[in-house]
Amino acid sequence: MLMMMKKGNGDGDFSNVEMEFLRRHHTQEPRQNQCSSALVKHIKAPLPLVWSLVRRFDEPQKYKPFVSRCVVRGNLEIGSLREVDVKSGLPATTSTERLEILDDNQHILSVRIIGGDHRLRNYSSIMSLHPEIIDGRPGTLVIESFVVDVPEGNTEDETCYFIEALIKCNLKSLADVSEGLAVQDRTEPIDRMRDLLISG
């Protein structure tokens, strides 16, 4: 069953395509005293490139700007735990997170926070990636949804707003890194050809 979810981007309603992906992959159901939301990002980079960053449960700092360090205990597999150090400026310094889903075929990553010095209790997120065409080039639709307890003393809106702001930063950074790498991939063959012509 699809959780009752609002679009965190402030961009109005989800498109039919986005709704279908939400129904199919984002099936967390918020309980009482929990809030949930979903955000979408269209990235001008091919899905395999974007997925290569997202799937690295052991290296979230590759694109998450608030992560300073990450240590994974044991092998990288479902149930693996990571200890994340958070950069100063946020109301936390550490977070312990468990890998719930890592599906390289469907391009789905799910992570649950199980500890840390923060107020995000029972936080669970799902990211799903989907190929699309943007401006005639291969692109990626990224959808990230979450469910979390509303901390005592906070409202549902306050809680959602805070987490949505963090996710927006992460998704913008993911887009910046991915699109930078995609441009590099497109120009490298041209650079190599030019070097061959010049040296020849």
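Everything numeric here is computed off the predicted structure, so don't read it as measured data.
Heavy-atom minimum distance, S110 versus S125: OG-O, 3.0 Å. Taking every heavy atom of both residues into account, S178 and A45 meet most closely at O-CB, 3.7 Å. Minimum interatomic distance between Y63 and V54 (heavy atoms only, all atoms of both residues): CE2-CA, 4.1 Å. In this structure, P30 and S36 approach most closely via the heavy-atom pair CG-OG, 3.8 Å. Between T27 and R23, the shortest heavy-atom distance links the atoms CG2-O, 3.8 Å. The two residues P151 and R119 have their closest heavy-atom pair at CB-NH2, 3.2 Å.
Checked against the 6.0 Å centroid threshold, H25 and H130 count as a close aromatic pair.
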Self-check item: Evaluation steps, side chain to side chain contact (heavy atoms under 4.5 Å, CB included), between E18 and L141
Solution: CA-CA 9 Å; E18 291 163 357; L141 167 64; 4.2 Å; yes
Quiz item: Please walk me through it: do F146 and S37 pass side chain to side chain contact (heavy atoms under 4.5 Å, CB included)?
Solution: CA-CA 6 Å; F146 69 87; S37 184; 3.6 Å; yes
Self-check item: Test log, rule side chain to side chain contact (heavy atoms under 4.5 Å, CB included), inputs I143 and H26
Solution: CA-CA 9 Å; I143 304 176; H26 298 258; 3.6 Å; yes
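With respect to R56 and D58, a salt bridge is recorded, a charged nitrogen being found less than 4.0 Å from a carboxylate O. The existence of a salt bridge linking E100 and R112 is confirmed by a sub-4.0 Å separation between a basic side-chain nitrogen and an acidic carboxylate oxygen. In this structure, D85 pairs ionically with R69, as a charged nitrogen and a carboxylate oxygen lie closer than 4.0 Å. Between E20 and R24 there is a salt bridge, since a side-chain N of the basic residue sits under 4.0 Å from a carboxylate O of the acidic one.
A distance of 9.0 Å separates CD in Q61 from NZ in K87, rounded to the nearest 0.5 Å. To the nearest 0.5 Å, atom NZ of residue K172 and atom CG of residue L39 are 15.0 Å apart. A distance of 5.5 Å separates CD1 of I114 from CZ of R98, quoted to the nearest 0.5 Å. With rounding to the nearest 0.5 angstrom, the CG atom of L99 is 6.0 Å from the OG atom of S80. Distance check, rounded to the nearest 0.5 Å: CG of L129 to OG1 of T140 gives 6.0 Å. Here OG of S52 is found 7.5 Å from CG of L181. Values are rounded to the nearest 0.5 Å.
E158 places a side-chain N or O within 3.5 Å of a backbone atom of T155 that can act as its donor or acceptor partner. The closest donor-acceptor contact from the side chain of E179 to the backbone of K44 lies under 3.5 Å. With N33 contributing its side chain and V150 its backbone, the two residues share no donor-acceptor pair below 3.5 Å.
The shortest distance between side-chain heavy atoms of P60 and R82 falls below 4.5 Å. Looking only at side-chain heavy atoms (C-beta outward), H118 and Y123 stay at 4.5 Å or farther from each other. In this structure, S68 and V86 have side chains that are not in contact, with every pair of non-hydrogen atoms separated by 4.5 Å or more. Considering only heavy atoms from C-beta on, L109 stays 4.5 Å or farther from I126 through its side chain. A heavy-atom distance below 4.5 Å is found between the side chains of V50 and V142. Side-chain contact check for V84 versus E97: some heavy-atom pair is nearer than 4.5 Å. In this structure, the side chains of L102 and R55 come closer than 4.5 Å at one or more pairs of heavy atoms. Counting heavy atoms from C-beta outward, F57 and V111 have side chains that approach closer than 4.5 Å.
For the residue pair E83 / T94, no side-chain donor-acceptor distance below 3.5 Å is found, with atom types taken as modelled.
Applying the 6.0 Å contact sphere to CG of N16 captures no more than 12 heavy atoms from other residues, nucleotides or ligands.
Linking ILVMFWY side-chain heavy atoms closer than 4.5 Å, directly or via other members, places L174 and I101 in two distinct hydrophobic clusters. F66 and I163 fall within the same hydrophobic cluster, defined by Ile, Leu, Val, Met, Phe, Trp and Tyr side-chain heavy atoms under 4.5 Å apart, directly or through other members. Under a hydrophobic-cluster definition in which Ile, Leu, Val, Met, Phe, Trp and Tyr are linked whenever side-chain heavy atoms come within less than 4.5 Å, directly or via other members, M19 and V40 are assigned to the same cluster. In this structure, L166 is a member of the same hydrophobic cluster as I43, with clusters built from ILVMFWY side-chain heavy atoms closer than 4.5 Å. Two different hydrophobic clusters hold L171 and I108 under the rule that ILVMFWY side chains link at heavy-atom gaps under 4.5 Å.
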